[in-house]
Q: 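Can you read through this structure? Questions will come right after.
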Amino acid sequence: MAADKPGQVGELELKKLEAGIDEMIRSCDRLKEENRALRKHQATLMNERASLIERNQQAHSRVETIIRRLKVFEQET
């Protein structure tokens, strides 16, 4: 039957190929959007991490200051 109607078989194969290409385009678009969202989320997390590191360093400095004051107080008594 394929030899009787080569145009129809070719047309069917082209439609399947077109559907496959359309699906790949949709997948690429979805992946691009997902990648954009992940990069945005990563940037947010990096900013949050930097803020937490800074706050941790400030807290560490305050604790060190308190410890020094306590040692001085202890030596005075």
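All figures in this text were calculated on a predicted structure; none of them were measured in a lab. Position 1 is the first residue of the sequence; numbering continues from there. Heavy-atom basis, side chains included; hydrogens, waters and symmetry copies ignored.
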Q: Please report the interatomic distance NE2(His41) to CD(Glu34), rounded to the nearest 0.5 Å.
A: 12.5 Å
Q: Could you go step by step and tell me if Ser61 and Gln57 meet the side chain to side chain contact (heavy atoms under 4.5 Å, CB included) rule?
A: CA-CA 6 Å; Ser61 177; Gln57 289 172 340; over 6 Å; no
Q: Would Arg39 and Asn35 count as a side chain to side chain contact (heavy atoms under 4.5 Å, CB included) here? Give the steps.
A: CA-CA 6 Å; Arg39 287 182 188 275; Asn35 191 33; 3.4 Å; yes
Q: Nearest 0.5 Å, what's the CD1-CD distance between Ile53 and Glu48?
A: 11.0 Å
Q: For the pair Glu33 and Arg36, evaluate salt bridge (Lys or Arg N to Asp or Glu O under 4.0 Å) and give the outcome as yes or no after the intermediate values.
A: CA-CA 5 Å; Glu33 179 58 30; Arg36 185 199 62 75; 2.6 Å; yes
Q: At what distance, to the nearest 0.5 angstrom, does OG1 of Thr65 lie from CZ of Arg68?
A: 4.5 Å
Q: Please collect all side-chain hydrogen bond (donor to acceptor under 3.5 Å, both in side chains) contacts where either partner lies in residues 12-27, sequence neighbours excluded, each pair once.
A: Glu23-Arg26
Q: Around Glu64, counting heavy atoms of other residues, nucleotides and ligands shown, do more than 12 lie under 6.0 Å from its CD?
A: yes
Q: Is it the case that more than 12 heavy atoms not belonging to Gln58 sit under 6.0 Å from its CD atom?
A: yes
